[in-house]
Amino acid sequence: MSTHIAAASGQIAPIVLFPGDPLRAKWIAENFLEGAELYSEVRGMLGFTGSWQGHRVSVQGSGMGQPSMSIYANELFREYDVQTLVRVGSCGALTEKVGMRDIIIANGACTDSGINRIRFHGQDYAPVADFGLLRRAVEATERMHLEHAVHVGLLFSGDQFYNTRPELTEPLVQHGALAVEMETSALYTLAAFYGRRALSICTVSDHLVTHEETTALEREQSFGDMIRIALEAATAV
Ligand code: HPA
C-alpha cells in the first residue's frame, strides 16, 4: 500500500501500461488482459493486474498532467519496484506532417513545465525514451498492418490543456515537436532517476492545425493498435 495506490506488495506486475484515463485502464484490462483483477481504486484511479501472452502485466491510470502522473510513477517505481512503464495516451497534432489517429512513439519530450527546471536548478535536461523499448515498439509496428502512420519523434508535454500562450509552441514545432500531450517529459525524467525503462506512445485524438477531432469509436479502434504495440514492446525482453 502506497499513499495513492492500495495494492499490497507483489500485486503490481513489473510491467505496467499507463493510460491517463482510469476508465481506459479498465477497458485495457477487460479487452487485452486475461484474469485481470482490480488492485486499487483510490481516488477512482483504477489499477488492474492480469496477463498477456503469459506475461504478468498491470495497467494503472495516471490522471492528466505531469503532477498527477508523477505521483503514480514515483509510487510505482519506488514502492512497487516497477521496471517498465509504458504510457499509452492521446495527443493533439501540432503539424500537418501528422494525421488524425496516427501513432507517435516519443523518442523525447520538451516541456513548458517548471517541474524539471526545479529538479535541475534551471538547467535544461533532455528527457528521452528507453532505447530498447523504443526499438521493440518500432519493430512491433513493422510486423503489424496498421491503418495509420507511425511517427518516431518529439512530444511537447504542456502544463496547460487550455494553453494561454499557444504562440510559444511555434518554435518547438519548428524544431521537430510533432504533438502536444501533458505527461511524457516528467515520465522519462522519473524513469531516468529510478534507473527504469519508460516509453510513451500516443494516438492523435485531435488536430490543432486542421481542428479535426475523433469520434469515440475511432478513438477506441486506434487505441487498440497502440495497446498492442505497447504490450509487444514491453514483454519482448
Ligand atoms: N493538448 C494537450 N493534451 C492533449 C491534447 C491537446 O490538444 N490532446 C490530447 N491530449
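Atoms within a ligand are numbered from 1 in the order they appear, just like the ligands themselves.
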Short list, please: which atoms of ligand 1 are under 4.0 Å from a heavy atom of M182? 2 (C), 3 (N)

Identity and distance of the protein heavy atom lying nearest atom 7 (O) of ligand 1: D206 OD2, 2.9 Å

Short side-chain to backbone donor-acceptor contact, N74 and I71, under 3.5 Å: no

Can you list the ligand 1 atoms lying under 4.0 Å from a non-hydrogen atom of S205? 8 (N), 9 (C)

One finds that the ligand 1 atoms under 4.0 Å from a non-hydrogen atom of G92 are 5 (C), 7 (O), 8 (N), 9 (C)

Say whether, by atom type as modelled, one donor and one acceptor occur between the side chain of S40 and the main chain of A6 under 3.5 angstrom. yes

Atom 4 (C) of ligand 1 has as its nearest protein heavy atom V180 O, 3.7 Å

Is the side chain of Y188 donor-acceptor paired with the backbone N or O of N107 at a distance under 3.5 Å, no angle test? no

Protein contact of atom 2 (C) of ligand 1 - nearest heavy atom, named by residue and atom, plus distance: F161 CD1, 3.6 Å

The residue among W52, W27, F223 that forms ring pair (Phe, Tyr, Trp, His ring centres under 6.0 Å) with F32 is W27

Besides V98, the hydrophobic cluster formed by Ile, Leu, Val, Met, Phe, Trp and Tyr side chains linked at under 4.5 Å, directly or via other members, contains M100, I104, L155, L178, V204

Which is closest to atom 9 (C) of ligand 1 by heavy-atom distance: A93, C91, S157? C91

Quick one: does any side-chain atom of Y80 pair with a main-chain N or O of I5 as donor and acceptor, under 3.5 Å? yes

State the atoms of ligand 1, each with its element, that fall below the 4.0 Å cut-off from a heavy-atom position in S90. 9 (C), 10 (N)

Distance under 4.0 Å to a non-hydrogen atom of L208: what atoms of ligand 1 satisfy this? 7 (O)

For the student: nearest non-hydrogen atoms of M144 and D225, plus distance: CE-O, 3.9 Å

